[in-house]
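One structure below.
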2 protein chains.
Amino acid sequence: MRPLFHPSIEDVSVEAILHALSDPVRAAIFAQVAGQGCVQGCTTFSRVGERDIPKSSLSQHFKVLRDAGLIHSERHGVEMRNTTRCGEVDARFPGLLAAILNAYADNKACDTPQA
Amino acid sequence: MRPLFHPSIEDVSVEAILHALSDPVRAAIFAQVAGQGCVQGCTTFSRVGERDIPKSSLSQHFKVLRDAGLIHSERHGVEMRNTTRCGEVDARFPGLLAAILNAYADNKACDTPQA
DNA sequence: TTCAACAGTTCTGAAATCCTGAACTATGGG
DNA sequence: CCCATAGTTCAGGATTTCAGAACTGTTGAA
């Protein structure tokens, strides 16, 4: 198990961010981490919306978010502590994350009006 | 040649938009169309940055932007008239496009400080 | 009308990427 | 030490993307 890689904020690119968040599962994960400030572990997301996500896929999703510079992950014993890097990212690309999270929130509101 | 398809604005999704704009070539095309209001034709983009883009790829890129609801294309004789759908998209997802275009602009400024 | 040039599109196969089950690593508890 | 838990890595098949070649559709000239 190689140590977790986190890009420095100057190496974070818009395209990587957009690509990472263009997947609804990853967007949901990120929204949740952003909403809670800190979320324990991948297993929290074994189910997103309707779908069951296998843990190998979850691990990859977290890696993509990490590589894109969107989250910071830290091992705490057996589990993972994930936090967003919203502060840094927002300093570099002002308003970007807020607009995206907002758009997803609006979207969800339309999708499930009577849920 | 099947007629050009444009999704209605309610069918436009955040993920499709982010996916479309997560490609730097498409982002450049879209930024240009957005900047000019109207751009004639794909061939305008035979070169983006350093890269030569074959026209079959350009055609695909335009299709992705169209399917994502970002641009409107109309045949005028032999060539194509492309316009953005920023207005509609911005009404649906306020601030999203502006934030993304801004982020790309910032990014480019960093990439080429002495060009 | 017929022809050539031009602007894009579609087709197709190769390359890259994504998804996920299975095997693995690391940590903590009994 | 052994097992359970949390996550990672590997390997493969499925999907997506890229780009050359062949095609469609339009315009202008002869």
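No hydrogens, no waters, no symmetry mates; every other heavy atom, side chains included, goes into these values. The sequence lines fix the lettering, A, B, ..., with proteins before strands; numbering per chain opens at 1.
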Query raised in the report: Hey, is the main chain of A31(A) close enough, under 3.5 Å, to the side chain of Y104(A) for a donor-acceptor pair?
Result: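 No.
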Report task. Ignoring hydrogens and angles, tell me if any N or O in the side chain of S22(A) forms a donor-acceptor pair with the backbone of H19(A) under 3.5 Å. Result ->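 Yes.
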Please state how far atom [atom1] in [X] lies from atom [atom2] in [N], giving the value in whole angstrom units.
X: K63(B); N: dC11(C); atom1: NZ; atom2: C1'; answer: 14 Å
X: F45(A); N: dG7(D); atom1: CZ; atom2: C1'; answer: 14 Å
X: D67(A); N: dT8(D); atom1: CG; atom2: C1'; answer: 13 Å

Query - Distance-only polar pair, side chains of R85(A) and H72(A), donor-acceptor under 3.5 Å - result: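 No, no side-chain donor-acceptor pair sits under 3.5 Å.
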Student check: side-chain heavy atoms of [X] and [Y] closer than 4.5 Å:
X: K63(B); Y: S73(B); value: no
X: P94(B); Y: D106(A); value: yes
X: N82(A); Y: L65(A); value: no
X: F45(B); Y: I53(B); value: no
X: D23(A); Y: L18(B); value: no

Report task. For the helix from dT1(C)-dA30(D) to dG30(C)-dC1(D), measure the angle between the helix axis at one end and the axis at the other, each built from five pairs, rounding to 10°. Result ->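 End-to-end axis angle: 10°.
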Output a table of nitrogen or oxygen pairs between the protein and nucleotides 14-19 of chain C separated by less than 3.5 Å.
| residue | atom | partner | partner atom | Å |
| --- | --- | --- | --- | --- |
| dC18(C) | OP1 | H19(A) | NE2 | 3.0 |

Query raised in the report: Applying the 4.5 Å side-chain criterion to the ILVMFWY set and letting contacts propagate, would I71(B) and V64(B) be lumped into a single cluster?
Result: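 No.
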Query raised in the report: According to a 4.5 Å side-chain heavy-atom criterion applied to Ile, Leu, Val, Met, Phe, Trp and Tyr, with indirect links allowed, do L58(A) and V78(A) form part of one hydrophobic cluster?
Result: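 No, no single cluster joins them.
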Write out a two-atom table: protein N or O, nucleotide N or O from nucleotides 2-6 of chain D, distance below 3.5 Å.
| residue | atom | partner | partner atom | Å |
| --- | --- | --- | --- | --- |
| dA6(D) | O4' | V78(A) | O | 3.2 |

Requested in this report: State whether S59(B) places a side-chain N or O below 4.0 Å from either non-bridging phosphate oxygen (OP1 or OP2) of dT9(C).
Outcome: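 So the side chain of S59(B) is within the cut-off, an N or O lying under 4.0 Å from OP1 or OP2 of dT9(C).
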Query raised in the report: Taking the nucleotide of DNA chain C with the closest heavy atom to each, which residue, L58(A) or R75(A), is nearer the 5' end?
Result: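 Residue closer to the 5' terminus by nearest nucleotide: L58(A).
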